Engineer: 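The following block contains the structure, expressed as structure tokens.
Note that the structure is predicted; figures quoted are calculated from it, not measured.
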Number of protein chains: 2
Amino acid sequence: MNIGDVSAHSGLSVKTIRYYEDIGLVSPLRGGNGYRAFRKNEQHKLAFLGRARSLGFTIDDCRTLLALYEDETRASADVKSIANEHLEKIENKIASLEAMRCTLSHLIDECAGDHRPDCPILKDLCGCQDLE
Amino acid sequence: MNIGDVSAHSGLSVKTIRYYEDIGLVSPLRGGNGYRAFRKNEQHKLAFLGRARSLGFTIDDCRTLLALYEDETRASADVKSIANEHLEKIENKIASLEAMRCTLSHLIDECAGDHRPDCPILKDLCGCQDLE
DNA sequence: TTACAGGCTCCAGTAGGTGGAGGGTCAAGG
DNA sequence: CCTTGACCCTCCACCTACTGGAGCCTGTAA
């Protein structure tokens with residue numbers, strides 16, 4: 001299967017798929033014309049990668065997960081541990097974004113948003129020194 | 001004031017401050033020894049940048065906010081509009097992270113996390129094709 | 001004078017791709 | 001047989017927002 005079709009099936013862009021080959025995540029064969037020829041195996045891997053990435057796993061996590069996926073003697077504990085670490089990072093990120101959202105929405109509420117220069121948002125950002 | 005002291009005051013790293021000069025956010029004077037000499041004005045700007053960045057504004061937003069901050073004839077509506085767009089991005093990001101968290105934590109709950117290879121997390125990632 | 005802290009520039013690398021130039025290939029229609 | 005257009009190829013540069021390090025200069029205290 002050519003890269004374009006694989007792209008359509010996996011939802012990954014052609015560029016991304018080539019990039020994943022560059023960094024060694026997949027190794028498609030090559031036809032006589034130099035075109036990449038993807039076997040079922042690689043198509044599955046790419047779909048796997050697409051889903052893992054959409055869950056926010058890093059490329060490095062993906063590499064490990066893929067290796068576990070292919071290792072029939074894996075322990076599910078190894079997978080779970082990666083997932084748990086990742087979950088923790090996600091939760092931290094959510095917490096920090098929530099904090100930003102909270103501050104920001106308060107500031108927005110307080111700002112008149114009209115033609116006048118007076119602005120609580122800028123006041124907060126400048127640390128409440130005088131606004132020139 | 002030398003860059004190290006400014007760094008200590010603003011909480012920005014020395015590297016970051018030099019970088020902000022590179023991209024034209026601040027323009028400190030230079031002493032005869034080539035050292036950067038920061039005036040009050042630049043110190044305020046850097047503090048402003050630090051806070052804006054900590055609220056997640058992009059450097060580009062910061063540039064605009066800084067220009068508004070220095071423009072006494074600004075309309076607070078312009079500031080509010082930037083803040084609103086940013087808030088929306090934050091909320092979108094939170095939503096997508098929440099979705100990840102939800103999926104991921106369900107998968108983690110279902111995974112035994114023991115020595116056996118059977119793993120619902122991998123099963124989900126591979127799209128429920130057979131696990132080899 | 002000699003450390004040593006602090007400053008300087010410049011180059012490379014990070015994550016995870018995306019965009020574009022410049023060129024080869026394949027299938028269908030005229 | 002030729003052309004057109006859709007694919008495919010490689011290679012290089014760029015994106016965000018910094019960070020790390022090499023190699024060198026400067027300022028200060030003992």
Engineer: Could you tell me the separation between the CG atom of N92(A) and the CG atom of L87(A), rounded to the nearest 0.5 Å?
Structural biologist: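 Reported to 0.5 Å precision, the distance equals 9.5 Å.
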
Engineer: Checking E42(A) now: which residues fulfil salt bridge (charged side-chain N to carboxylate O under 4.0 Å, His left out) with it, not counting sequence neighbours?
Structural biologist: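 For E42(A) the salt bridge (charged side-chain N to carboxylate O under 4.0 Å, His left out) partners, ignoring immediate neighbours, are R39(A).
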
Engineer: Check whether any side-chain N or O of R36(A) sits under 4.0 Å from OP1 or OP2 of dC8(D), and answer yes or no.
Structural biologist: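 So the side-chain polar atoms of R36(A) never come under 4.0 Å of the phosphate oxygens OP1 or OP2 of dC8(D).
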
Engineer: Which residues satisfy the salt bridge (charged side-chain N to carboxylate O under 4.0 Å, His left out) test with E98(B), sequence neighbours excluded?
Structural biologist: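 By the salt bridge (charged side-chain N to carboxylate O under 4.0 Å, His left out) rule, E98(B) matches R101(B).
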
Engineer: Please confirm whether the shortest side-chain N or O distance from R30(A) to OP1 or OP2 of dT25(C) is below 4.0 Å.
Structural biologist: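 Indeed not, no polar side-chain atom of R30(A) lies that close.
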
Engineer: Is there a side-chain contact between I59(B) and Y20(B), using heavy atoms and a 4.5 Å cut-off?
Structural biologist: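 They are in side-chain contact.
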
Engineer: Without decimals, in angstroms, what is the distance between D5(A) CG and dC26(C) P?
Structural biologist: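 In whole Å, dC26(C) P lies 15 Å from D5(A) CG.
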
Engineer: Holding to salt bridge (charged side-chain N to carboxylate O under 4.0 Å, His left out), I want the full list of residues that pass it with R36(B), two or more places apart in sequence or in another chain.
Structural biologist: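 Checked R36(B) against salt bridge (charged side-chain N to carboxylate O under 4.0 Å, His left out); matches are E21(B).
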
Engineer: Could you list by number each residue of residues 92-101 of chain B showing a heavy-atom separation from DNA chain C of less than 4.0 Å, or answer none if no residue does?
Structural biologist: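 Going residue by residue through residues 92-101 of chain B, none turns out to have a heavy atom under 4.0 Å of DNA chain C.
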
Engineer: How long is the gap from CG on D78(A) to OG1 on T64(A), to the nearest 0.5 Å?
Structural biologist: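 Answer for the CG-OG1 pair, D78(A) versus T64(A), is 10.0 Å.
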
Engineer: Sequence neighbours excluded, which residues qualify as side chain to side chain donor-acceptor pair (under 3.5 Å) partners of D114(B)?
Structural biologist: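 D114(B) satisfies side chain to side chain donor-acceptor pair (under 3.5 Å) with S76(A), R116(B) only.
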
Engineer: Atom CD of E21(B) to atom C1' of dT9(C): distance rounded to whole Å?
Structural biologist: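 From E21(B) CD to dT9(C) C1': 12 Å.
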
Engineer: Provide, to the nearest angstrom, the distance between the CG atom belonging to N2(A) and the C1' atom belonging to dA6(D).
Structural biologist: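 For the pair N2(A) CG and dA6(D) C1', the rounded distance is 12 Å.
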
Engineer: Taking K45(B) for its side chain and V26(B) for its backbone only, find out whether a donor-acceptor pair lies under 3.5 Å.
Structural biologist: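 No, K45(B) side chain to V26(B) backbone: no donor-acceptor pair under 3.5 Å.
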
Engineer: Could you tell me how far apart L49(A) (CG) and dG17(C) (C1') are, to the nearest whole angstrom?
Structural biologist: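 Rounded to the whole Å, the gap is 14 Å.
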
Engineer: Which parts of nucleotides 16-27 of chain D does protein reach within less than 4.0 Å, heavy atoms only, written one letter per nucleotide 5' to 3' as B for base, S for sugar-phosphate only and - for none?
Structural biologist: -BBSBB----BS

Engineer: Nearest 0.5 angstrom please: H44(B) NE2 to Y69(B) OH, how far?
Structural biologist: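 Going from the NE2 atom of H44(B) to the OH atom of Y69(B) covers 6.5 Å.
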
Engineer: Scan I23(B) against the nucleic acid and name what it touches under 4.0 Å (heavy atoms): base, sugar-phosphate only, or nothing.
Structural biologist: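 Nothing: the residue I23(B), judged by heavy atoms under 4.0 Å, touches no strand.
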
Engineer: For I17(A) and dT10(D), what is the distance between atoms CD1 and C1' respectively, to the nearest whole Å?
Structural biologist: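 Distance, rounded to whole Å: 17 Å.
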
Engineer: Could you check how far CG of D22(B) sits from C1' of dC10(C), rounded to whole Å?
Structural biologist: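 Answer to the nearest Å: 10 Å.
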
Engineer: Does a nitrogen or oxygen in the side chain of R18(B) sit under 4.0 Å from OP1 or OP2 of dT9(C)?
Structural biologist: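 No.
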
